[in-house]
Every structure is written in C-alpha cells, then in structure tokens.
Engineer: 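Supplied in structure tokens, the structure appears directly below.
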Amino acid sequence: MDEQPRLMHSHTGVGMAGHPGLPQHMQEGTGGTDGDGRKQDIGDILQQIMTITDQSLDEAQARKHALNCHRMKPALFNVLCEIKEKTVLSIRGAQEEEPPDPQLMRLDNMLLAEGVSGPEKGGGSAAAAAAAAASGGAGADNSAEHSDYRAKLSQIRQIYHTELEKYEQACNEFTTHVMNLLREQSRTRPISPKEIERMVSIIHRKFSSIQMQLKQSTCEAVMILRSRFLDARRKRRNFNKQATEILNEYFYSHLSNPYPSEEAKEELAKKCAITVAQVSNWFGNKRIRYKKNIGKFQEEANMYAARTAVNAANASSHGSQANSPSTPNSAGGYPSPCYQSDRRIQ
DNA sequence: TTCAATGATTGGTT
DNA sequence: AACCAATCATTGAA
C-alpha cells in the first residue's frame, strides 16, 4: 500500500547532511542568508514529521530518534504545546462542571435504602423490616419467607458488589494503561497534563455510565424481588380451619342477608385474626360462589344450620329463650338450604 | 402432575 | 363505597 509516497521519498536518507525529500519550492532558497538556513531547518523538520507515517517501523524509529536529537526540537515542541494548550482550554471551557446526575442519585439512594449498597448487616435487616411492615404484618409464619427474601437480596447484593468491583478494577487498569501510553507519547508529541487529566475523566465518565446500567438493573431486580415478596396473591395462605368455621357460621346463619355490617366485619376479623378487607373478600367470594352453585354447598349449609340449631338449643336450655341465634333465613336472599334440600330429596 | 378449592385482584355496575 | 362477576395465582389433596 501507499507505494506512491514511498517511492517519492525512497531515495531520502535519514542523515541530516542534505535536504532530500523537500519540495522544490523549499529547496529553492538554499544557501541564502542566515534566516534562510533556520527556515530550511524548520521546513526539514516539518517534512520529516509529515512523512513519518509513511515509513516502515524501523525507519520510523530511526527517524524518531533523529527528530528527538534535532536542535530545533525543543523549541518546536514548546510551540506545539502552546497551540494545543489553547485549543484544549477552549474545548474544556464548555464541559467544565457537570452537575451530579439526578437519576444516578436516585439509584444510589434506592440501593442504599434497600440495603444493597450500604453496610452488610444493618441494611439487610432494615430492608426486611420495611418489607414486613409493608406486608401488613399478617401471620407469624412469614419468618421463612423473610429468610428467603433476605437470601435472595444478599445474592443480588453479592452480584452487585462483584460486578462493581470488576468494573472499578477494569476502569483503573484501563486508566493506568492510557496514562502510561500518553506519558510515553508525550515525549514525542505535545500532550499537556491537562489533556491527560481530561482523557482520564472521559474514561471515568464512560465507566460510570456502565456502572449506572449495573445499578439500574440491580434496582430492577430488587423491585421484582420486593413485588414478589409483597404481592399477597403469590404468598396466599388459606385461612385456618377455625377462621373458616367462624366465617361459614356467620354466612349460613345469615343466609337471607349475608352482608355483615362494618361492625360485624370488624368483629369477625378480630375473631379470625384476619383483616376486615379479608373478611369482605371472603364474603364476596362466598356469596358469588354459593349463588353460582347452591347444590354444591348444600351439605355444608345443612351442617352449619344443624350446628347453629344445636347452639340455639343449648342456649335456650340454659335460660333465655329469646336471644337464640338470629336465623332470618326465610326472608329474601338466597334460598334456604334446608328447605331446598328437603325439596331436592323428595 | 392434575385439578378443584380458595384468597386476592380487577373492571364494571349500582 | 360496596358489591358483583370474572379472572388470576397459589394451595393442597388425589
């Protein structure tokens, strides 16, 4: 490749004796005044710089050495440094102080709050406690879930820290590498310390954007874990037998109007150790499911009817007859299972 | 593994 | 706001 330029300069030596390779118009003034000689020197050195990429490696090395030893080199180098300094400064002015990224701050805050980026033990338990508080503190048997949650959180945490460390290390390695390279090059081409500094900050910015992605995906993972842990549907537990019996008892003894008042709901909730909302859910589900398939619930209905009857008998035998359990079955609402079952049997 | 039972959620209605 | 109806997602027995 580039055979053409090579051919053009192929006859030029490295030696400083002549001025080979110079364009015709530059050679014209040779042998003139003292100023002409200096001009010639500069032209020579510039020409060599221009053609340095056209040389083979050995040739270039030799040329580099020659350039380094040239008496004009320091002066030229300084001029180039000055020019560069000016342009670099003008570039720097535009992008000086960047404000801290609000999104990054948000991510950092969240990771800290979730105990991913904070201190090892304290953060984790704090997050678990927060999760427990948010879950409504329903049952006492969620300690197993807590440990599960904590285990997964610490897994995320570990991955996060490993990756973060990896990126940091890579960043440092790359930075040192680039700095060494620039320092090495600064011996042959004008590189100011400021320029190196700027390069380092560019590298850091690049790596911190990668870190931000890591933080973002970590946040997402934590959110998913949290939602899984907190989503009641996923950790649904059937009510215990006693609670179900209390609810069923109320339902079948108020079959004509199975709509407990707010007070009744509260009392049922207390008795069953569940929330009022859960009582409402239960009655909503029960009503619709009973209505949809009364036949299926006949047996259950009869059982509870019999039980309330026994209770009533016991209560009356103990004294007051008036306050037997209210069974306003015959009114509106759903058909009475007893009568219906009688009808069915016949 | 399948499937009925069941607690919770969602969207619509009154 | 309470309720209904349909649906989702899990549980637990077969």
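Lettering of chains follows the sequences in order, A, B, ..., and the numbering in each one begins at 1.
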Engineer: Looking only at non-hydrogen atoms, find the nearest pair between A:Asp108 and A:Ser117 and report the distance.
Structural biologist: O-OG, 4.1 Å
Engineer: Using a 4.5 Å cut-off on heavy atoms from C-beta on, say whether the side chain of A:Met179 contacts that of A:Met199.
Structural biologist: no
Engineer: Whether A:Arg289 contacts B:dT6 is assessed here as follows: a side-chain N or O lying under 4.0 Å from the phosphate OP1 or OP2. Is that the case?
Structural biologist: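 No, outside the criterion.
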Engineer: Between the base of C:dG12 and the side chain of A:Arg237, is there a donor-acceptor distance below 3.5 Å?
Structural biologist: no
Engineer: Rounded off to whole Å, could you give me the CG-to-C1' distance for the A:Asn248 and B:dA5 pair?
Structural biologist: 13 Å
Engineer: Counting only side-chain N and O atoms of A:Lys296, is one of them less than 4.0 Å from OP1 or OP2 of B:dA4?
Structural biologist: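 Answer is no, no contact under 4.0 Å.
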Engineer: Between A:Arg287 (CZ) and C:dC4 (C1'), how many Å, whole number?
Structural biologist: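 Taking CZ of A:Arg287 and C1' of C:dC4, I get 9 Å after rounding.
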Engineer: State whether A:Asn285 places a side-chain N or O below 4.0 Å from either non-bridging phosphate oxygen (OP1 or OP2) of B:dG7.
Structural biologist: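 No, A:Asn285 has no side-chain N/O under 4.0 Å of OP1/OP2 on B:dG7.
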Engineer: Check whether any side-chain nitrogen or oxygen of A:Gln278 sits under 4.0 Å from OP1 or OP2 of B:dG7, and answer yes or no.
Structural biologist: no
Engineer: In sequence, state the C-alpha distance, the side-chain angles, and the governing distance for A:Glu163 and A:Lys166, and then conclude on salt bridge (Lys or Arg N to Asp or Glu O under 4.0 Å).
Structural biologist: CA-CA 5 Å; A:Glu163 292 296 310; A:Lys166 230 160 61 185; 3.1 Å; yes
Engineer: Are any of A:Lys265's side-chain N or O atoms less than 4.0 Å away from OP1 or OP2 of C:dA2?
Structural biologist: no
Engineer: Measure from the side-chain heavy atoms of A:Lys291 and tell me the nearest of B:dA8, B:dG7, C:dA5.
Structural biologist: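 So the nucleotide nearest the side chain must be C:dA5.
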Engineer: How close do A:Phe283 and A:Pro258 get, counting heavy atoms only, and between which atoms?
Structural biologist: CD2-O, 3.7 Å
Engineer: Choose from C:dC3, C:dT11, C:dC8 the nucleotide whose nearest atom is closest to any side-chain atom of A:Tyr259.
Structural biologist: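 Looking only at heavy atoms from C-beta outward on A:Tyr259, the closest nucleotide is C:dC3.
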Engineer: What is the separation between atom CD on A:Glu262 and atom C1' on C:dC3, rounded to the nearest whole Å?
Structural biologist: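 Taking CD of A:Glu262 and C1' of C:dC3, I get 13 Å after rounding.
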Engineer: Could you state the CG-P distance from A:Asn281 to B:dG11, rounded to the nearest angstrom?
Structural biologist: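 From A:Asn281 CG to B:dG11 P: 16 Å.
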Engineer: Rounded off to whole Å, could you give me the CD1-to-P distance for the A:Ile274 and B:dG7 pair?
Structural biologist: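 Answer to the nearest Å: 9 Å.
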Engineer: Using whole Å, what does the distance between atom P of nucleotide B:dA4 and atom CD of A:Glu300 come to?
Structural biologist: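 In whole Å, B:dA4 P and A:Glu300 CD are 18 Å from each other.
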Engineer: Would you kindly compare A:Pro260 and A:Asn238 by the position of their nearest DNA chain C nucleotide and give the one closer to the 5′ end?
Structural biologist: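 Its nucleotide being nearer the 5' end, the pick is A:Pro260.
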Engineer: Please determine, for the side chain of A:Arg236, which listed nucleotide (C:dT10, C:dC3, C:dA5) has the closest atom?
Structural biologist: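 Per side-chain heavy atoms of A:Arg236, the pick is C:dT10.
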Engineer: Quick one: A:Trp282 CH2 to C:dC4 P, roughly how many Å, whole number?
Structural biologist: 13 Å
Engineer: Rounded off to whole Å, could you give me the NZ-to-P distance for the A:Lys241 and C:dG12 pair?
Structural biologist: 15 Å
Engineer: Indicate yes or no: at least one non-hydrogen side-chain atom of A:His254 is less than 4.5 angstrom from one of A:Tyr259.
Structural biologist: no
